[in-house]
Amino acid sequence: MADMDGYIEATSFGLKEVASYADFKVKGASNLGWGMKDRLSRIFNPLTGRTVMLAFDHGFIMGPTSGLGRIDLEIVPLVQYADCLMCTRGILQSSIPANVNKPVCLRFDAGSTILTELNRNVLIDVEEAIRCNASAMAVMFSAGDGERESITAANLVKAVDAGNRYGIPVMGVTAVGKEMVRDARYFALASRVCAENGATIVKTYYCEGFEKVTSTCPVPIVIAGGKKLPEKEALELCYKAVNEGAAGVDMGRNVFQSESPASMIQAVYAVVHNGLTPGQGFELFQELKNK
Ligand code: R5P
């Protein structure tokens, strides 16, 4: 029995007050369970509902690439500025200090280095995601032409089933390939299919008519940055994406291949969370770079 010394009977019940719970700002997540919401709240800032994810999972098919040669030197110093880290289990375990205290969106599929065979990626075990304390699991989904030979739809469903068992959100990563059309029709289709199949986050690309993609997808969309652009253009991309309905970015090359990666990620953060215009963001980038 608990120690009763100092026990005082409750007398104040606020009967006239309606019980209030903080708004949950992540799109489409109100009906999820506590564990899912807790993990989503680590990824998406509870005040803005937005996120800056730092993506450095490229090595899972490409090996060491520019900006990702030495994760300890090139990525670890940036981690403090990101809301969430997106990487593979191998890089997480080998190169990211376990005390950085950042949520992880774990790359959950793996496979061939042959780009045309990515559609046959397999999933890693959900126990691995639990061991890594993942806040989300990222799985590629490829819609349309290549789908006949693809197992990505099955992978997505399996990942969602596994994630739901343990309260771990799944991020559907809409695939793009050399042959694929990158327009609002394709991205809206792929994003919606991800959400309909249970993904609670979707990663896709910014495109002309992006509002169609975000408004028809019932869960938050984050955009990939794509190939390296001049810093101001990359900040414009972030600005347009969040102003046209994205909940943030999952950006890699435009950060770690920047001439000043730490300045760039802080500028991206300011555009996504603080509403800076691309011009203001670029000024901030230059100011930080020249410090
Ligand atoms: C692509 O499959 C990878 O998951 C990257 O994380 C993604 O493309 C984002 O990186 P980037 O901004 O360099 O395109």
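In this text, all values refer to a predicted model and were calculated from it rather than measured experimentally. Each ligand, and each atom within it, is numbered from 1 in the order the structure gives. Each residue takes its place number in the sequence, starting with 1. Heavy-atom basis, side chains included; hydrogens, waters and symmetry copies ignored.
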>> Angle between ring planes, F282 versus F285, binned at 30° and 60°: parallel, tilted or perpendicular?
In response: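 Parallel: the ring planes of F282 and F285 meet at under 30°.
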> With a 3.5 Å cut-off and no angle check, do the side chains of T214 and E211 form a donor-acceptor pair?
Replying inline: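 Side-chain D/A pair, T214 to E211: absent.
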>> Ignoring hydrogens and geometry beyond distance, is a side-chain donor-acceptor pair present between T48 and H273 at under 3.5 Å?
In response: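 Note: T48 and H273 side chains meet the donor-acceptor criterion.
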>> Checking D38 now: which residues fulfil salt bridge (charged side-chain N to carboxylate O under 4.0 Å, His left out) with it, not counting sequence neighbours?
In response: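 For D38 the salt bridge (charged side-chain N to carboxylate O under 4.0 Å, His left out) partners, ignoring immediate neighbours, are R42.
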> Is R182 positioned over the aromatic face of Y205, cation under 6.0 angstrom from the ring centre and no more than 45 degrees off axis?
Replying inline: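 Because its charged atom sits under 6.0 Å from the ring centre and within 45° of the axis, R182 does stack over Y205.
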Between ligand 1 and the protein, give all atom pairs where both partners are nitrogen or oxygen and the distance is under 3.5 Å, as lines of names plus distance to 0.1 Å.
from     : atom 1 : to   : atom 2 : distance (Å)
ligand 1 : 2 (O)  : R107 : NH1    : 3.4
ligand 1 : 4 (O)  : D57  : OD1    : 3.3
ligand 1 : 4 (O)  : D57  : OD2    : 2.7
ligand 1 : 4 (O)  : R107 : NH1    : 3.0
ligand 1 : 4 (O)  : K203 : NZ     : 3.3
ligand 1 : 6 (O)  : D57  : OD1    : 2.5
ligand 1 : 6 (O)  : K203 : NZ     : 2.9
ligand 1 : 10 (O) : H58  : NE2    : 3.1
ligand 1 : 12 (O) : G225 : N      : 2.9
ligand 1 : 12 (O) : G226 : N      : 3.4
ligand 1 : 12 (O) : G252 : N      : 2.8
ligand 1 : 13 (O) : H58  : NE2    : 2.8
ligand 1 : 13 (O) : R253 : N      : 2.9
ligand 1 : 13 (O) : R253 : NE     : 2.7
ligand 1 : 14 (O) : G226 : N      : 2.9
ligand 1 : 14 (O) : R253 : NH2    : 2.8

> Is a side-chain N or O of K37 found less than 3.5 angstrom from the main chain of S30, in a donor-acceptor match?
Replying inline: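 Looks like yes, one N/O pair under 3.5 Å.
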